[in-house]
Amino acid sequence: MGRTSWDELPTGLRARIADALGGPVVRAASQASGWSPGSADRVTTADGRRAFVKSVARSRNGDSHAMHRREARVMAAIPPEVQAPRLVAAIDEEHDDDAWVAVVLADVDGRHPGLDDRDTVAVLDALDTLPVATGALAALPRMADELRDEFAAWDRMLAVGLAPDLPEDVVAAADRLAATARGAHLLVDGEHLVHADCRADNLLVDHDGTVWVVDWPWAGVGAHWLDPLTYLLDTIVRGGGEDVDAHLATHPVFAGLDGAAAEAVLAGLAGLFLEKAAQPAPPAMPTIRAFQRREGVVAARWVLRRWAARAR
């Protein structure tokens with residue numbers, strides 16, 4: 001089961017979206033990428049106004065429905081200096097005997113960042129501009145609290161037995177990874193706005209080279225370097241990442257982050273992803289577990305490579 005298309009949205013919901021945009025939608029291009037089973041459409045109105053609309057029914061996936069509602073609240077609070085799409089409207093109502101939520105955003109015409117060094121630096125530079133969380137943003141969940149239980153995943157997995165399909169090198173290092181991850185949630189505490197899901201598919205590079213950060217449902221308050229660290233992890237997951245340690249050592253966004261702290265957080269992320277990957281897939285999201293397994297293995301092996309390099 002794939003994404004919901006624009007034409008599958010209830011007629012009344014599409015009418016509300018058109019009202020928010022000031023005119024009828026005459027063109028809609030559905031986006032196939034992403035994990036949500038909801039819709040993701042670039043729309044154009046009769047007078048040429050463009051917007052990006054995401055929506056989902058609670059019956060399709062309750063978690064996605066809650067995430068869209070949460071993202072609408074975050075987008076309403078994000079200040080204009082953050083390079084994120086502006087919120088046009090949030091629609092949360094009943095249609096066709098189901099609960100629907102739609103988030104209408106200004107459209108960003110851009111591409112996802114690639115793996116070349118120029119794109120990586122541009123993303124890190126953009127993430128370095130995320131501000132200290134103030135006002136309504138300061139009330140967002142603190143990443144240290146959000147990750148406390150998640151970073152204890154290794155201990156839980158070791159207690160019940162690791163998944164049988166894990167690579168041998170990761171299994172052999174599991175005890176050390178568990179010890180490294182203990183208490184790592186405290187390291188991600190801080191006062192900055194954090195996107196908390198920073199991957200290439202949540203970033204767009206426009207024609208001027210400006211990096212836009214999109215998809216904000218997991219936003220929180222924490223360490224300024226957490227998003228950049230997870231983005232470097234994503235570059236390895238996507239098949240690049242040869243220079244991740246050089247960026248970690250030299251880019252200003254990582255100032256004050258020592259190597260041991262980075263390894264502890266990466267070990268925590270590895271456990272988080274691998275524990276989730278061992279669970280049944282959520283409704284209408286059949287491929288997410290394989291992706292999470294890949295992220296977990298890559299994070300663990302990045303830590304192993306750093307340990308090996310230090311031991312030489």
Side-chain angles (χ1 to χ4, degrees), residues 20-21 31 33-34 36 40 42 49-54 66-91 101-114 118-147 188-235 247 251-257:
L21 292 173
Q31 310 300 299
S33 62
S36 170
R42 282 192 158 97
R49 185 176 184 183
R50 294 169 43 223
F52 181 77
V53 182
K54 54 170 66 177
M67 285 169 59
H68 279 36
R69 296 179 77 183
R70 179 176 174 178
E71 181 173 14
R73 294 192 296 271
V74 172
M75 299 310 294
I78 286 183
E81 63 265 25
V82 174
Q83 207 64 36
R86 303 276 74 83
L87 179 68
V88 176
I91 302 165
V101 60
V103 183
V104 185
L105 301 160
D107 187 40
V108 176
D109 185 11
R111 60 174 176 83
H112 297 305
R118 183 168 58 182
D119 271 4
T120 300
V121 172
V123 170
L124 296 179
D125 288 347
L127 295 175
D128 200 12
T129 68
L130 292 186
V132 169
T134 59
L137 294 178
L140 289 172
R142 298 197 70 87
M143 298 311 302
D145 295 331
E146 294 289 284
L147 294 174
V188 303
D189 198 20
E191 302 304 327
H192 277 76
L193 174 65
V194 175
H195 179 274
D197 194 20
C198 199
R199 305 186 311 265
D201 56 323
N202 289 332
L203 297 160
L204 291 170
V205 184
D206 69 17
H207 298 297
D208 296 324
T210 301
V211 175
W212 295 76
V213 187
V214 302
D215 292 334
W216 287 84
W218 301 113
V221 181
H224 192 42
W225 45 262
L226 181 57
D227 286 333
L229 183 67
T230 58
Y231 181 74
L232 291 184
L233 173 63
D234 179 65
T235 66
H247 291 301
H251 195 280
V253 76
F254 297 113
L257 174 65

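Nothing fancy with the numbering, it's 1 onward along the sequence. Heavy-atom basis, side chains included; hydrogens, waters and symmetry copies ignored.
- Pairing each heavy atom of Ala196 with each of Met143, the nearest pair is CB-CE, 3.8 Å.
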* Begin with the C-alpha distance, continue with both residues' side-chain angles, and end with the deciding distance and a verdict on side chain to side chain contact (heavy atoms under 4.5 Å, CB included) for Asp109 and Arg50. => CA-CA 10 Å; Asp109 185 11; Arg50 294 169 43 223; 3.4 Å; yes

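- Ala66 is linked by a side chain to side chain contact (heavy atoms under 4.5 Å, CB included) to nothing, counting only residues two or more places apart in sequence or in another chain.
- In terms of modelled atom types and a separation under 3.5 Å, the side chain of Asp119 and the main chain of Gly114 share a donor-acceptor contact.
- Judged by distance alone, with hydrogens and angles left aside, the side-chain atoms of Arg142 form a donor-acceptor pair with the main-chain N or O of Gly190 at under 3.5 Å.
- Closest non-hydrogen pair, Leu140 versus Leu193, comes out as CD1-CD1, 4.0 Å.
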* Yes or no on side chain to side chain contact (heavy atoms under 4.5 Å, CB included) for Leu232 and Phe254, after CA distance, side-chain angles and deciding distance? -> CA-CA 12 Å; Leu232 291 184; Phe254 297 113; 3.7 Å; yes

Anything under 3.5 Å between a donor and an acceptor, one on a side chain of residues 128-139, the other on a protein residue two or more places apart or in another chain? List them.
residue: Asp128; atom: OD1; partner: His224; partner atom: NE2; Å: 2.9
residue: Thr129; atom: OG1; partner: Ala126; partner atom: O; Å: 2.6

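- Environment of CZ in Arg111: crowded, with over 12 heavy atoms of neighbouring residues, nucleotides or ligands closer than 6.0 Å.
- Scanning for salt bridge (Lys or Arg N to Asp or Glu O under 4.0 Å) contacts around Asp125 gives an empty result, with sequence neighbours left out.
- Contact annotation: the side chain of His112 never approaches that of Val205 to less than 4.5 Å [non-hydrogen atoms, C-beta and beyond].
- Among residues two or more places apart in sequence or in another chain, the side-chain hydrogen bond (donor to acceptor under 3.5 Å, both in side chains) test is passed with His247 by Asp117.
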Ignoring hydrogens and angles, write down the donor-acceptor pairs under 3.5 Å from the side chains of residues 211-223, residues two or more places apart or on other chains.
residue: Trp212; atom: NE1; partner: Asp206; partner atom: OD2; Å: 2.9
residue: Asp215; atom: OD1; partner: Lys54; partner atom: NZ; Å: 2.3
residue: Trp216; atom: NE1; partner: Val213; partner atom: O; Å: 2.9

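- To the nearest 0.5 Å, atom OG1 of residue Thr120 and atom CG of residue Asp234 are 9.5 Å apart.
- By the side chain to side chain contact (heavy atoms under 4.5 Å, CB included) test, Arg73 is found to be paired with Arg69, Arg70, residues two or more places apart in sequence or in another chain being considered.
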* Given Trp225 and Leu127, is the side chain to side chain contact (heavy atoms under 4.5 Å, CB included) satisfied, shown in steps? -> CA-CA 8 Å; Trp225 45 262; Leu127 295 175; over 6 Å; no

